[in-house]
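Throughout, numbering of the chain's residues begins at 1 and tracks the sequence.
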Amino acid sequence: MRLEIGQKAPDFSIPLCGGGQFVLADELKKTESGAIVYFYPRASTPGCTTEACDFRDSLASLQGAGYAVVGISPDKMGALEKFAQKYSLSFPLASDEDKEVMKAYGAFGEKKNYGKVVQGVIRSTIVVGKDGLVKVAMYNVRAKGHVSRLRKELAL
């Protein structure tokens with residue numbers, strides 16, 4: 001089930017690479033505008049690297065506009081740590097190995113992969129406003145140019 005604009009975003013707590021937890025409710029209290037939660041299939045693959053580096057390169061302007069950013073994938077912590085280190089990713093990455101957060105956000109399910117219908121991570125970005133409501137819900141996004149489209153959507 002996909003989230004829609006204006007709907008209450010499910011709260012979650014998820015382990016972060018490097019230690020600690022990303023707790024959505026706590027993060028929303030710390031930000032001016034909200035949180036950008038993006039879901040990607042697999043660390044260190046070409047599309048996911050492009051998307052992560054775009055978020056890294058736009059992080060100052062996103063944070064300047066009052067948004068926290070977190071990237072979530074089903075990868076194990078070791079893979080996330082290597083990914084973050086190799087590409088100097090300066091925002092938190094979280095591991096959702098059981099895919100519970102992804103399912104709650106509509107970012108895991110049926111998708112087409114090279115013409116076949118498969119179960120997997122649906123590349124998605126959800127912007128949760130400070131009030132806990134969904135401001136932007138983007139599903140099946142293309143990695144290249146995605147952050148630019150998101151910035152345009154947020155009028156940044």
Side-chain angles (χ1 to χ4, degrees), residues 2-3 5 9-97 99-108 111 113 120-130 132-156:
R2 292 184 175 182
L3 298 181
I5 294 170
D11 193 19
F12 63 87
S13 177
I14 191 168
L16 291 172
C17 120
Q21 295 276 316
F22 183 95
V23 180
L24 181 62
D26 293 348
E27 206 62 37
L28 293 176
K29 289 176 191 169
K30 296 183 216 170
T31 65
E32 280 181 46
S33 303
I36 297 169
V37 182
Y38 86 94
F39 299 94
Y40 62 99
R42 192 158 165 219
S44 298
T45 57
C48 296
T49 299
T50 295
E51 186 177 29
C53 290
D54 281 352
F55 271 110
R56 176 199 65 204
D57 296 346
S58 293
L59 190 61
S61 71
L62 294 169
Q63 288 177 332
Y67 290 100
V69 175
V70 64
I72 300 176
S73 79
D75 293 306
K76 294 186 183 311
M77 285 297 177
L80 293 179
E81 287 166 6
K82 287 178 191 168
F83 185 47
Q85 188 171 29
K86 183 174 182 179
Y87 295 102
S88 302
L89 302 178
S90 50
F91 56 88
L93 297 178
S95 175
D96 188 17
E97 286 187 62
K99 303 169 189 77
E100 291 304 313
V101 176
M102 292 181 176
K103 289 174 185 172
Y105 275 70
F108 186 86
K111 66 179 192 172
N113 193 15
V121 178
I122 299 163
R123 189 182 305 276
S124 311
T125 298
I126 308 300
V127 179
V128 181
K130 182 134 181 96
L133 301 180
V134 176
K135 286 177 68 169
V136 175
M138 303 169 88
Y139 290 94
N140 294 309
V141 300
R142 292 185 189 273
K144 189 173 180 154
H146 170 60
V147 176
S148 175
R149 288 186 297 278
L150 176 62
R151 288 170 41 87
K152 192 173 184 178
E153 183 80 21
L154 294 172
L156 304 179

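- For CZ of Arg149, the number of neighbouring non-hydrogen atoms (other residues, nucleotides, ligands) closer than 6.0 Å is greater than 12.
- The closest donor-acceptor contact from the side chain of Ser124 to the backbone of Ala107 lies at 3.5 Å or more, if one exists at all.
- Here the closest non-hydrogen pair linking Gly145 and Asp54 is N-OD2, 3.9 Å.
- Across all non-hydrogen atoms, the minimal contact from Leu80 to Ala43 is CD2-CB, 4.3 Å.
- In this structure, CG on Asp96 lies 9.0 Å from NZ on Lys103, to the nearest 0.5 angstrom.
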Exercise for the section: Apply side chain to side chain contact (heavy atoms under 4.5 Å, CB included) to Arg123 and Lys111, showing your working. Expected result: CA-CA 10 Å; Arg123 189 182 305 276; Lys111 66 179 192 172; over 6 Å; no
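- Separation of atoms SG (Cys17) and CZ (Phe83) is listed at 10.0 Å; rounding is to 0.5 Å.
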Practice task
Give the C-alpha distance, both sets of side-chain angles, the deciding distance and a yes or no for side chain to side chain contact (heavy atoms under 4.5 Å, CB included) between Leu154 and Tyr67.
Solution key: CA-CA 10 Å; Leu154 294 172; Tyr67 290 100; 3.7 Å; yes
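- The line from CD1 of Ile126 to NZ of Lys135 is 13.5 Å long, rounded to the nearest 0.5 Å.
- For the atom pair Leu62 CG and Asp57 CG, the distance stands at 11.0 Å (nearest 0.5 Å).
- Note that NZ of Lys130 is 10.5 Å distant from NZ of Lys30, once rounded to the nearest 0.5 Å.
- In this structure, Ala94 and Val70 approach most closely via the heavy-atom pair CB-CG2, 4.3 Å.
- Ser33 is not listed as a side-chain neighbour of Val127, based on a closest heavy-atom distance of 4.5 Å or more.
- Counting all heavy atoms, side chain and backbone alike, Asp11 lies closest to Ala25 at OD1-N, 2.9 Å.
- Classification of the Phe22-Phe12 ring pair by plane angle, with boundaries at 30° and 60°, yields parallel.
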Exercise for the section: For Val141 and Glu51, run side chain to side chain contact (heavy atoms under 4.5 Å, CB included): C-alpha distance rounded to whole Å, both residues' side-chain angles, the deciding distance at 0.1 Å, then the answer. Expected result: CA-CA 10 Å; Val141 300; Glu51 186 177 29; 4.2 Å; yes
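- Around atom CD of Gln85, no more than 12 heavy atoms belonging to other residues, nucleotides or ligands sit under 6.0 Å away.
- Proximity of a side-chain donor or acceptor of Ser95 to a complementary backbone N or O of Asp75 within less than 3.5 Å is detected.
- The aromatic rings of Tyr105 and Phe39 sit tilted relative to each other, their planes meeting at an angle between 30° and 60°.
- Arg151 and Ser58 get closest at one heavy-atom pair: CD-OG, 3.7 Å.
- Note: Ile36 CD1 to Met138 CE = 10.5 Å, rounded to the nearest 0.5 Å.
- Closest heavy-atom contact between Ser90 and Arg56: OG-CG, 4.2 Å.
- At distances below 3.5 Å, not a single donor-acceptor pair connects side-chain atoms of Arg2 with backbone N or O atoms of Tyr139.
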Practice task
Please assess His146 against Phe55 for the test side chain to side chain contact (heavy atoms under 4.5 Å, CB included), listing each intermediate value before the final yes or no.
Solution key: CA-CA 9 Å; His146 170 60; Phe55 271 110; 4.2 Å; yes
